[in-house]
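So the structure is just underneath, and the comments pick up after that.
Chain identifiers are assigned alphabetically (A, B, ...) following the order of the sequence lines, protein sequences preceding nucleic acid strands; residue numbering begins at 1 within each chain.
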There are 2 protein chains.
Amino acid sequence: MANKPTTAQFKAQAQVFKALAHPGRLLMVDELSRGERCVCELAELVGSEMPTVSRHLAQLKHAGIVDDEKRGAQVFYRLVTPCVMNFFQCVASVREKSQR
Amino acid sequence: MANKPTTAQFKAQAQVFKALAHPGRLLMVDELSRGERCVCELAELVGSEMPTVSRHLAQLKHAGIVDDEKRGAQVFYRLVTPCVMNFFQCVASVREKSQR
DNA sequence: TAGGAAATTAGCCAAGTGGCTAAATCTGTC
DNA sequence: GACAGATTTAGCCACTTGGCTAATTTCCTA
């Protein structure tokens with residue numbers, strides 16, 4: 001299981017990390033961990049224009065972190081891989097250590 | 001435990017993810033999970049020039065993911081937060097889901 | 001079917017990233 | 001102390017990212 005990943009795998013992994021490497025996107029992921037939300041709700045949450053938020057969500061979707069579903073005039077996004085939430089605790093511990 | 005993090009916390013978390021959002025740096029972190037390495041070893045591993053690798057390592061250090069120690073003319077880096085390795089499994093599952 | 005809201009796409013621009021080479025710094029050795 | 005090797009820093013350049021506004025698409029409701 002702990003075999004060396006290939007270059008292509010590292011590249012793909014990096015894409016996932018890159019998708020999470022933005023405060024606004026983290027905020028959205030955190031919000032989506034509590035249930036699905038439409039784009040307009042997330043736009044209000046992060047305080048950016050809707051086109052901006054839409055592109056952030058497209059990034060998260062492309063990375064496979066969220067999925068979307070159109071219902072009527074709205075598009076609802078939901079977290080498809082909740083395990084990303086586990087990251088946050090580890091990241092918090094990283095930050096604690098780095099502050100010493 | 002699942003309280004809403006603050007904006008500053010999301011920003012700091014994003015920094016950690018950003019440090020991991022690069023194939024070469026992931027490769028280095030993976031290698032360091034098997035023990036400390038000097039800069040020249042890592043440079044050969046990733047196939048980039050030493051200055052480039054040195055800057056990548058500085059990023060990882062700044063994010064609190066690795067630490068360094070000078071011994072003689074060489075600088076050895078080691079993984080300070082092994083929990084980041086747990087990310088990789090989750091990321092792999094993210095990728096599997098996104099490939100359907 | 002006309003109007004309006006929700007969302008995406010396109011185009012623009014400022015700022016950041018990542019690679020390189022050259023120069024500077026540090027360490028051990030002769 | 002000069003030299004050689006290891007590392008970092010500085011400076012340069014191409015490319016990407018992330019924000020905005022404007023335009024386009026889609027869907028619901030009169």
Rounded to whole Å, how long is the line connecting atom [atom1] of [X] with atom [atom2] of [N]?
X: Gln59(A); N: dA7(C); atom1: CD; atom2: P; answer: 18 Å
X: Arg37(A); N: dA7(C); atom1: CZ; atom2: C1'; answer: 18 Å
X: Glu36(A); N: dA7(C); atom1: CD; atom2: P; answer: 12 Å
X: His62(B); N: dG16(C); atom1: NE2; atom2: C1'; answer: 15 Å
X: Gln74(A); N: dC27(D); atom1: CD; atom2: P; answer: 13 Å
X: Met50(B); N: dT9(D); atom1: CE; atom2: P; answer: 14 Å
X: Asp68(B); N: dT8(D); atom1: CG; atom2: P; answer: 7 Å
X: Glu44(A); N: dA7(C); atom1: CD; atom2: P; answer: 12 Å

Residue [X], side-chain heavy atoms: nucleotide from [options] that is nearest:
X: Lys70(B); options: dG11(C), dT27(C), dT21(C); answer: dT27(C)
X: Glu49(A); options: dA7(C), dT7(D), dT21(D); answer: dT21(D)
X: Ser54(A); options: dG18(D), dT8(C), dT7(D); answer: dT8(C)

**Q.** Residue whose closest nucleotide on DNA chain D lies nearer the 5' end, Tyr77(B) versus Arg55(B)
**A.** Tyr77(B)
Q.
For Thr52(A) and Pro51(B), find the nucleotide of DNA chain D closest to each by heavy atoms; which residue's nucleotide sits nearer the 5' end?
A.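 Upstream on the strand: Pro51(B).
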Q) With a non-hydrogen cut-off below 4.0 angstrom, is Phe76(B) in contact with a base, only sugar-phosphate, or nothing? A) nothing
Q: Would you check, one step at a time, whether the test side chain to side chain contact (heavy atoms under 4.5 Å, CB included) holds for Val29(A) with Leu20(A)?
A: CA-CA 9 Å; Val29(A) 168; Leu20(A) 293 170; 4.2 Å; yes
May I ask you to test the [X]-[Y] pair for a side-chain heavy-atom distance under 4.5 Å?
X: Leu45(B); Y: Val53(B); result: no
X: Arg78(B); Y: Asp67(B); result: yes
X: Leu32(B); Y: Val66(B); result: yes

Q.
Would Leu57(B) and Val39(B) count as a side chain to side chain contact (heavy atoms under 4.5 Å, CB included) here? Give the steps.
A. CA-CA 8 Å; Leu57(B) 288 166; Val39(B) 180; 4.0 Å; yes
Phosphate-side-chain proximity, [X] and [N], N/O vs OP1/OP2 below 4.0 Å:
X: His56(A); N: dT17(D); answer: no
X: His22(B); N: dG19(C); answer: yes
X: Arg71(A); N: dC27(D); answer: no

